[in-house]
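One structure is given below, encoded as structure tokens.
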Amino acid sequence: MSTDDQMDKIMASLFSVVRAVNHGAQTMGLDKSAIVAMYVIRQLTTARSSAVAGACALDQSTISRHLRSLEERGLVERSPDPADRRAQLLSLTDDGEQLLADQDALRRERLEAALADWSDDDRDRLDTVLSRLADSLVVANARRMAGFGP
């Protein structure tokens with residue numbers, strides 16, 4: 001099998017996994033980028049909109065639109081940055097935290113059901129390979145952003 005064929009199969013498999021795990025997730029009609037922004041804010045605890053934009057690989061005007069929608073729905077709130085009173089920090093509201101917790105629970109249920117008949121060894125191998133892929137993607141993205149790769 002050629003490298004291109006192998007990459008096509010891997011990408012198709014990854015897409016299928018993500019689509020299946022996310023199927024039916026409650027997003028309150030929010031754009032997927034807005035949901036990703038919420039996960040970024042949760043990971044950072046509080047963040048400036050520029051940090052969220054950078055982590056989501058979106059421009060400032062696009063992330064501002066998503067953040068405004070999240071605020072209007074009561075999922076994200078702003079507060080003054082104690083280090084710079086001119087700046088605002090974003091954080092999830094209790095409703096925002098609950099939305100993500102509900103999504104996480106749904107995804108976990110889907111994965112548990114799909115892996116129910118897998119052995120512990122197979123699950124461990126999957127964890128090892130996916131962790132290695134995630135680490136490699138982080139490194140490749142950092143290298144690309146630093147100008148050292150495609």
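To the nearest 0.5 angstrom, Gln98 atom CD is 10.5 Å from Thr93 atom OG1. Atom CD in Gln88 sits 10.0 Å away from atom CZ in Arg48 (nearest 0.5 Å). With rounding to the nearest 0.5 angstrom, the CG atom of Leu90 is 5.5 Å from the CG atom of Leu67. Of the inter-residue distances, the one linking Lys32 atom NZ with Cys56 atom SG reads 14.5 Å to the nearest 0.5 angstrom. In this structure, Met1 CE and Met7 CE are separated by 10.0 Å, a value rounded to the nearest 0.5 Å. The distance from the CZ atom of Arg65 to the CG atom of Leu70 is 11.5 Å, given to the nearest 0.5 Å.
Ionic pairing of Arg108 and Glu112 is present here: one or more N-O contacts between side-chain nitrogen and carboxylate oxygen are shorter than 4.0 angstrom. A salt bridge between Asp95 and Arg73 is absent, with no side-chain N of the basic residue lying under 4.0 Å from a carboxylate O of the acidic one. Taking a cutoff of 4.0 Å between a charged side-chain nitrogen and a carboxylate oxygen, Arg107 and Asp102 do not qualify as a salt bridge.
Atom CG of Asp135 is surrounded by more than 12 heavy atoms from other residues, nucleotides or ligands within 6.0 Å. More than 12 non-hydrogen atoms from other residues, nucleotides or ligands lie less than 6.0 angstrom from CG of Asp84.
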Check against side-chain contact (heavy atoms from CB on, under 4.5 Å), Arg78 and Glu71
CA-CA 8 Å; Arg78 294 179 190 263; Glu71 281 185 278; 2.7 Å; yes
Evaluate the criterion salt bridge (Lys or Arg N to Asp or Glu O under 4.0 Å) for residue pair Arg125 and Asp122; output intermediate values, then yes/no.
CA-CA 5 Å; Arg125 277 193 292 280; Asp122 284 346; 2.2 Å; yes
Determine, step by step, whether Asp81 and Arg86 satisfy the salt bridge (Lys or Arg N to Asp or Glu O under 4.0 Å) criterion, reporting the C-alpha distance in whole Å, the side-chain angles of both residues, the deciding distance to 0.1 Å, and the verdict.
CA-CA 7 Å; Asp81 183 343; Arg86 298 168 296 168; over 6 Å; no
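Here the closest heavy-atom approach between residue Tyr39 and residue Gln103 is recorded as OH-OE1, 3.4 Å. Closest non-hydrogen pair, Asp59 versus Thr62, comes out as OD1-N, 2.8 Å.
Side-chain N or O atoms of Ser136 include one that pairs as donor or acceptor with a backbone N or O of Arg132 at under 3.5 Å. Remark: side-chain polar atoms of Thr46 are not paired, donor with acceptor, to backbone N or O of Ser91 under 3.5 angstrom.
Side-chain contact between Arg42 and Asp104 is present, with at least one heavy-atom pair separated by less than 4.5 Å. Contact of the Leu30 side chain with the Leu75 side chain is registered, since non-hydrogen atoms from C-beta on lie closer than 4.5 Å. Put simply, the side chain of Leu89 reaches to within 4.5 Å of the side chain of Pro82, judged on heavy atoms. Side chains of His66 and Val36 form no contact here, defined as non-hydrogen atoms less than 4.5 Å apart.
Residues Leu106 and Val18 do not share a hydrophobic cluster, defined by chaining ILVMFWY side chains whose heavy atoms lie under 4.5 Å apart. The hydrophobic clustering, which links ILVMFWY residues whose side-chain heavy atoms are closer than 4.5 Å, places Val17 and Leu133 apart.
Between the side chains of Ser49 and Gln60, at least one donor N or O sits under 3.5 Å from an acceptor N or O.
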